[in-house]
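Numbering of residues begins at 1 and proceeds along the displayed sequence.
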Amino acid sequence: MPSQKELRAVFLGDEGAGKTTLLATLLRYLALTGMPNDYYYEDLNEPHRRHIGGDSEEKDPWPGGADVRAVTAEVSGGGQVWRLTDLAGYDHLAYLAAEPRRPDAAVIAVSARTGLGREGIRQVRACGVLGIPNVIVYINLFGQDRESLRVRTVQIETERLVQDYLGRWPVKTLSGNYLDAVRDMADRPHGLFRSFLDPLAETLGALDTSPDAPQALEGTQVNCLMLNLEGTLSSVLSVPDRSRVSLRFRGESAAVGAVMELRSGPEEKRRQKAFLRSGECSEAVLHLDAPIKWQGGSRFFLDYEDRLRITGIAARRSAFPPFV
């Protein structure tokens, strides 16, 4: 029996951009078109906190990670299995950096009223850092005319941001109103549907889900994302910029000393951060005491003063200063 094609996609976007409603509407559409499921908006809107530091498919799950609010809806049909993850609050970057397996695609929900905000821009940058190969843009019209100047401007700005941070245009850009899609499904329970959901589902189903080959790197500087999410036994702890740390990649016993130089995104006006605070993620450069070899996308651990373990992920590529 041939194996089923597995797709892992994550739904991203600023708060209020409509990503949760978009996923709920898509799941209803899939239930009517060959991927039966019983997911409802309420199932996604109140996500349970779950630990995503390890992966049950791995024999030796890597310790560390984050307790983030995430719900994964798993649907199957037509020889495919889709795992579609909705994220809540400001946990997007923590999830993307901590998830042991890189998503195959990201669907970015953008409000036609406001465009892509600061949090959404951080998410697009993270997609570039982690090497997520496919980005689909969905512009939520919120009742506006899809041919209006405002909607066209938001589309152009979002596509340029994706190109800047990922080096390519989105796989697909769609616009629509989920309320119209819901009414269309109610009026035509057996099809044919005339909303944006059909091209969205077709695009997801046609994506290449083959994993990319890890990139071999060597040197004394590691560009990375850092996650100070574990805390200590007795308290939380912030780590100052330029702190001395020891680095150990997963599966290796030997550690190497390093200096951690924290970086912040271009929208924050200042290039460097003073602290990596508890519960926070940041871009960083590690200046190592000795050259080492590693794979782009590899996870590693930093020990700070024998009191705190920080989880990191080495960047495959990046648009963060100074990684360009």
Side-chain angles (χ1 to χ4, degrees), residues 9-26 29 84 86-93 96 103 105-184 193-204 206-207 264-271 283 317-321 323-324:
V10 61
F11 283 66
L12 305 175
D14 295 294
E15 285 297 295
K19 57 186 176 297
T20 301
T21 310
L22 170 62
L23 178 53
T25 308
L26 176 63
Y29 171 85
L84 309 176
D86 176 66
L87 301 169
Y90 293 95
D91 298 320
H92 310 87
L93 184 56
L96 290 173
V107 179
I108 309 289
V110 183
S111 169
R113 296 169 178 166
T114 60
L116 202 60
R118 175 176 294 183
E119 187 64 25
I121 293 172
R122 292 179 73 234
Q123 295 160 21
V124 173
R125 295 202 336 261
C127 289
V129 169
L130 302 180
I132 295 177
N134 302 294
V135 168
I136 301 169
V137 172
Y138 164 66
I139 300 175
N140 196 339
L141 296 175
F142 287 114
Q144 299 187 72
D145 182 358
R146 73 178 67 244
E147 301 300 328
S148 69
L149 176 60
R150 177 59 185 162
V151 172
R152 294 201 303 272
T153 301
V154 167
Q155 176 176 338
I156 292 171
E157 291 176 346
T158 305
E159 289 178 339
R160 285 178 176 171
L161 283 167
V162 173
Q163 184 185 35
D164 288 345
Y165 291 125
L166 277 75
R168 59 184 181 276
W169 289 99
V171 173
K172 188 83 171 181
T173 300
L174 301 168
S175 60
N177 186 333
Y178 58 82
L179 292 177
D180 292 340
V182 170
R183 284 193 290 265
D184 186 44
F193 303 109
R194 300 181 297 182
S195 70
F196 63 90
L197 295 172
D198 186 56
L200 175 57
E202 287 184 355
T203 301
L204 288 169
L207 293 178
S264 58
E267 79 281 0
E268 294 189 32
K269 297 183 180 179
R270 56 193 177 100
R271 288 174 60 86
E283 306 88 53
R317 63 176 299 278
S318 179
F320 299 115
F323 297 171
V324 293

Note to self: Is it the case that atom CZ in Arg194 sees more than 12 heavy atoms from other parts of the structure closer than 6.0 Å?
What the structure shows: no
As an exercise, state the distance from [atom1] of [X] to [atom2] of [Y], rounded to the nearest 0.5 Å.
| X | Y | atom1 | atom2 | value |
| --- | --- | --- | --- | --- |
| Leu116 | Leu12 | CG | CG | 10.0 Å |
| Leu179 | Phe142 | CG | CZ | 9.0 Å |
| Leu87 | Thr20 | CG | OG1 | 9.0 Å |
| Gln123 | Ile132 | CD | CD1 | 10.0 Å |
| Ile108 | Thr158 | CD1 | OG1 | 9.5 Å |
| Thr153 | Arg150 | OG1 | CZ | 6.5 Å |

Check: Between Asp180 and Phe196, is a side chain to side chain contact (heavy atoms under 4.5 Å, CB included) present by the stated rule, with each step listed?
Finding: CA-CA 9 Å; Asp180 292 340; Phe196 63 90; over 6 Å; no
Heavy-atom pair with the smallest gap, counting every atom of [X] and [Y]:
| X | Y | value |
| --- | --- | --- |
| Gly120 | Asp14 | N-OD1, 2.8 Å |
| Val151 | Arg146 | CG1-O, 3.5 Å |
| Gly176 | Tyr138 | O-OH, 2.9 Å |
| Val124 | Leu161 | CG1-O, 4.1 Å |
| Val154 | Gly115 | CG1-CA, 3.9 Å |
| Val162 | Trp169 | CG1-C, 4.3 Å |

Notebook entry, point to check: Are Val107 and Lys19 side-chain neighbours, meaning at least one heavy-atom pair lies under 4.5 Å?
Noted result: no
Check: Given the rule in the side chain to side chain contact (heavy atoms under 4.5 Å, CB included) test, do Thr25 and Ser195 qualify, once you have shown the distances and angles that lead to the verdict?
Finding: CA-CA 11 Å; Thr25 308; Ser195 70; over 6 Å; no
Next item on the list: Assess whether side chain to side chain contact (heavy atoms under 4.5 Å, CB included) is satisfied between Asp184 and Tyr29, documenting all intermediate values.
Entry: CA-CA 10 Å; Asp184 186 44; Tyr29 171 85; over 6 Å; no
Notebook entry, point to check: Thinking salt bridges, do Arg160 and Glu157 make one under a 4.0 Å N-O criterion?
Noted result: no
Note to self: Run Gln144 and Arg113 through side chain to side chain contact (heavy atoms under 4.5 Å, CB included) and show every step you take.
What the structure shows: CA-CA 8 Å; Gln144 299 187 72; Arg113 296 169 178 166; 3.3 Å; yes
Notebook entry, point to check: Between Ser148 and Asp145, is there a donor-acceptor pair closer than 3.5 Å when you use the side chain of the first and the backbone of the second?
Noted result: yes
Next item on the list: Would you check if there is a donor-acceptor pair between the side chains of Gln155 and Ser175 at a distance under 3.5 Å?
Entry: no
Check: Pick one: which of Leu197, Val137, Asp198, Leu200 meets side chain to side chain contact (heavy atoms under 4.5 Å, CB included) with Leu174?
Finding: Leu200
